Amino acid sequence: MAAELSNLEQIRIEKIHALREQGVEPFPSRAERTHTAQVAIEAFEAIEGYENAAPLIVTLTGRLRSMRPMGKITFAHIEDGTGRVQLFLRLNDVGEEALQFFSRNFDLGDFMQATGSMFRTRTGEATVRVEAFRMLAKAVTPLPAAKDEIVDGEIVQHATLNDPETRFRQRYADLAINAEVRAAFRTRSAILRALRDFMDSEGFLEVETPILQPIYGGAAAQPFVTHHNQLKQDLYLRISFELYLKRLLVGGFEKVYEIGRDFRNEGVSFKHNPEFTQLEFYWAYADYEQVMALTEQMLAFVADRVFGKRTFMFKGQEINLDPPWQRVELRQGLLDKLGIDIQDHPTSESLAGAMKAQGIDSPPGATRGKLIDLLGSAYLEPTFIQPTFLYNYPRDISPLAKSIPGDPLTVERFEGFIGGMELCNAFTELNDPLDQEARFVEMGRDYDAADEEHHPIDEDYLRAMRYGMPPNGGFGLGVDRLVMLLTDQHSIREVLLFPHLRNKE
RNA sequence: GGGCGCGUAGCUCAAUGGUAGAGCAGUGGCCUUUUAAGCCAUUGGUUGCGGGUUCGAGUCCCUCCGCGCUCACCA
């Protein structure tokens, strides 16, 4: 035995041996079930008013979640994927031997099967009067103590697993005892389903592009590096889908989207996990204004699906997803907030000077775009609680976006914010291969200047563009952050089933 | 990576530098409609790892490990 087992576990292992000695297999291969918990209760409630109705006999399966032995009777609850049902084991019904067998060998957390007729107890709970029961899977490790009761349909917890580290490292235990955690992940699944349904209904084709890439790109992030042994080739885990999805526009697909995992080898925080889920789409012949409108429709659609309404609570504030969202031009927003007109400051030196006049420090070596981005992050974004589009970004931090006609410093790009958190990023995509190549080279220079790792130029992507790429609008959405908002969770770890944690020892 | 905080029984938490405790869970017993069932008894600890100060360390100091918050980073 590799792991050191606690007393509690030793006792349960002894019960496994004891069961086998009695000829009872504690891990049988098959189970029978006629009803889920929910269906059993509904079926019972449908007939219980009728005097002549035959008793409803059910066979339920589930996990033993509570036990209240009272001598010659025992009450218990089993829980399955649909809910809980109370079991009532009485000496008169099952016999002394079976009752003793139950109390000696069954523990909280075990999976079992129980057969009997439904009735209502004095205290009014729909309950199975058990006639036969069977072990389905013995639990060796006790579930963390979890005591709760259901008051008016709401689960009130009196004791539970609380330590975030244990909850995330042993998510299985967290899920097993915390129904609201299960509910949050059901909501996550519903959100994913709604996003796909929306994209499909808008005529977008779902595609899959490489996760292992010889050259990474499409975002400014450090990649994870891995290695193909036989090919003797280093490969990168993708940091975005962008460059592959836009290759598909060259190939003739006009509307494509992908939902999948991105990997960024950077800091971990309440809103950053090394791997995270993104939705990206590319839409031929559309521009960023159309993408903005589609974004509003998309999130309204998701809210309708998940909540049946367009408002939800996040950090104690009601957020309304009804279109249209507030729109703030980056230049105007900064002018209103700080009195700095970025249009008057075409160089980083000039802008840094204007910032200093306001008492705002600027990091040495930052480009003009970087400074503008810092100002937006610090002074505008946190104020965007209600859904807001911030639009028209500096060109030098947006190498894949198209310039605004007549304004070479600014590109047609927007980011969407809700609850003060960046949710999505989109632009009218650059489709001029010569301009794109120049931007890549320029980026390389900026990176060198900042002494950062050089970004590799994706020559194959440039070749694809030279074949001709239709004008298009592109979009990326942080799905985990959307789930955080819609489930009122304030850490990305709460919406990832298995968030990244450091190795212990 | 920086700052702050935390780490005690399976779980949730106590313990002025002076014999490590409680509730729940577990074990034994009583109890034939309970529901955080109740009552009686009882088991359970390398106080995250390692070092130091001290007559004496869960408590004070240091290294390390992990977690949380926060800052930095994140086109």
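Everything quoted here is computed from the prediction, not taken from an experiment. Letters A, B, ... are given to chains in the order of the sequence lines, protein chains preceding strands, and every chain is numbered from 1.
- You'll find that the side chain of A:Lys370 is closest to B:C74, out of B:U32, B:C74, B:U27.
- In a base pair of the Watson-Crick type (N1 to N3 plus N6-O4 or O6-N4) or a G-U wobble (N1-O2 and O6-N3), with each distance short of 3.5 Å, B:U63 is matched with no nucleotide.
- The same atom, P, is picked in B:U27 and in B:U70; the two are 42 Å apart, to the nearest Å.
- On the P atoms, B:G56 is 44 Å away from B:C39, given to the nearest whole Å.
- Side chain of A:Arg413, nearest nucleotide from B:C11, B:U34, B:A75: B:A75.
- The interatomic distance linking A:Leu400 (CG) with B:A75 (P) rounds to 12 Å, in whole Å.
- Between the side chain of A:Thr410 and the backbone N or O of A:Asp407 there is no donor-acceptor pair closer than 3.5 Å.
- When rounded to the nearest whole Å, the span between CG of A:Leu108 and C1' of B:C11 equals 12 Å.
- One finds no side-chain N or O of A:Arg68 lying less than 4.0 angstrom from the OP1 or OP2 phosphate oxygen of B:U34.
- In this entry the distance linking CD of A:Gln170 with P of B:C11 reads 8 Å, nearest Å.
- Relative to the side chain of A:Arg502, the nucleotides B:A75, B:C67, B:G26 differ in distance, and B:C67 lies closest.
- Using atom P as the reference point in both B:G5 and B:U63, the two lie 14 Å apart (nearest Å).
- Judged by distance alone with a 3.5 Å cut-off, no donor-acceptor contact links the side chain of A:Arg122 to the base of B:U33.
- Comparing the P positions of B:C49 and B:G58 gives an interatomic distance of 11 Å, to the nearest angstrom.
- A:Asp163 comes within contact range of the sugar-phosphate backbone alone, with a heavy-atom separation under 4.0 Å but no base atom that close.
- Using a distance-only test at 3.5 Å, with no hydrogens or angles considered, a donor-acceptor pair links the side chain of A:Ser398 to the main chain of A:Pro394.
- With a 3.5 Å ceiling on both atom-pair distances, the Watson-Crick or G-U wobble partner of B:G1 is B:C71.
- Backbone-only engagement by A:Thr160 is indicated by non-hydrogen atom pairs under 4.0 Å involving sugar-phosphate atoms exclusively.
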For a side-chain hydrogen bond (donor to acceptor under 3.5 Å, both in side chains) check, start with the C-alpha distance between A:Glu280 and A:Tyr282, then their side-chain angles and the critical distance, and finish with the verdict. CA-CA 7 Å; A:Glu280 287 192 26; A:Tyr282 293 84; 2.8 Å; yes
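- At the heavy-atom level, A:Pro69 lies under 4.0 Å from base atoms of the strands shown.
- With hydrogens and angles left out, the side chain of A:Gln86 and the base of B:U34 share a donor-acceptor pair within 3.5 Å.
- Closest approach to the A:Pro399 side chain among B:C11, B:A75, B:G26 is made by B:A75 (side chain taken as heavy atoms from C-beta onward).
- Residue A:Lys15 is in sugar-phosphate contact alone, with no base atom involved, counting any heavy-atom pair closer than 4.0 Å across all strands shown.
- Between B:C11 and B:G1, the two P atoms lie 28 Å apart (nearest whole Å).
- Rounded to whole Å, the C1' atom of B:G3 lies 16 Å from the corresponding atom of B:C73.
- Residue side chain A:Asn162 does not reach the base of B:U12 through any donor-acceptor N/O pair under 3.5 Å, judged by distance alone.
- Both A:Thr121 and A:Ser398 lie close to RNA chain B; mapped to their nearest nucleotides by heavy-atom distance, the more 5′-ward contact belongs to A:Thr121.
- A residue-by-residue look at A:Thr166 and A:Ala76 shows that A:Thr166 has its nearest nucleotide of RNA chain B further toward the 5' end.
- For A:Ala220, whose side chain is taken as the heavy atoms from C-beta onward, the closest listed nucleotide among B:C11, B:A36, B:C74 is B:C74.
- Only the P atoms considered, B:U59 is 34 Å distant from B:A41, to the nearest whole Å.
- Using a 4.0 Å heavy-atom cutoff across all strands shown, A:Phe119 reaches at least one base atom of the nucleic acid.
- Summarising the geometry, the separation between CD1 on A:Ile177 and C1' on B:U12 is reported as 11 Å, rounded to the nearest angstrom.
- Base pairing of B:G26: its partner is B:U42, meeting the Watson-Crick or G-U wobble criterion (both donor-acceptor distances under 3.5 Å).
- A straight line from CG of A:Leu8 to C1' of B:C24 spans 12 Å, rounded to a whole angstrom.
- The side chain of A:Met70 has B:U34 as its nearest neighbour among B:U27, B:A75, B:U34.
- The side chain of A:Asn7 lies closest to B:G44, out of B:G44, B:C73, B:A37.
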Show, in sequence, the C-alpha distance, side-chain angles and deciding distance for A:Tyr391 and A:Phe414, and conclude whether the ring-ring contact (aromatic ring centres under 6.0 Å, His included) test is met. CA-CA 4 Å; A:Tyr391 66 99; A:Phe414 71 83; 8.6 Å; no
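- Regarding contacts with the backbone of B:U33, every side-chain N or O of A:Arg90 stays at 4.0 angstrom or more from both OP1 and OP2.
- The nucleotide B:U8 finds no pairing partner, because no Watson-Crick or G-U wobble arrangement with both distances shorter than 3.5 Å includes it.
- Interatomic distance, A:Thr74 OG1 to A:Arg90 CZ, rounded to the nearest 0.5 Å: 12.5 Å.
- Distances were taken from every side-chain heavy atom of A:Glu165 (C-beta onward) to each of B:U33, B:G66, B:A37; the shortest belongs to B:G66.
- The side chain of A:Arg264 has B:C74 as its nearest neighbour among B:A25, B:C74, B:U27.
- Under the Watson-Crick or G-U wobble criterion, with both distances below 3.5 Å, B:U19 is left unpaired in every strand shown.
- The distance from the CG atom of A:Leu334 to the CD atom of A:Gln343 is 11.5 Å, given to the nearest 0.5 Å.
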When you look at A:Gln38 and A:Thr82, which way does the side-chain hydrogen bond (donor to acceptor under 3.5 Å, both in side chains) test go after all the steps? CA-CA 6 Å; A:Gln38 188 187 336; A:Thr82 67; 4.6 Å; no
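- Looking at heavy-atom distances under 4.0 Å, A:Phe88 makes contact with a base.
- The separation between A:Glu149 atom CD and B:U34 atom C1' is 13 Å, rounded to whole Å.
- As rounded to the nearest Å, B:G21 and B:C4 have P atoms that lie 34 Å from one another.
- Taking every side-chain heavy atom of A:Phe75 into account, B:U34 is the closest of B:U12, B:U34, B:U27.
- As a whole-Å value, the separation of A:Leu374 CG from B:A72 P is 9 Å.
- Among the heavy atoms of the strands, none lies under 4.0 Å from A:Arg12.
- Between A:Lys147 and B:A37 there is a side-chain N or O to OP1 or OP2 distance below 4.0 Å.
- Atom P of nucleotide B:U34 and atom CZ of A:Arg129 are separated by 14 Å, given to the nearest angstrom.
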Working note: A:Tyr257 + A:Phe281, criterion ring-ring contact (aromatic ring centres under 6.0 Å, His included); need CA distance, chi angles, decisive distance, verdict. CA-CA 4 Å; A:Tyr257 78 101; A:Phe281 72 71; 8.5 Å; no
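- For an aromatic pair to be called close, the ring centres must be under 6.0 Å apart, and A:Phe102 with A:Phe133 satisfies this.
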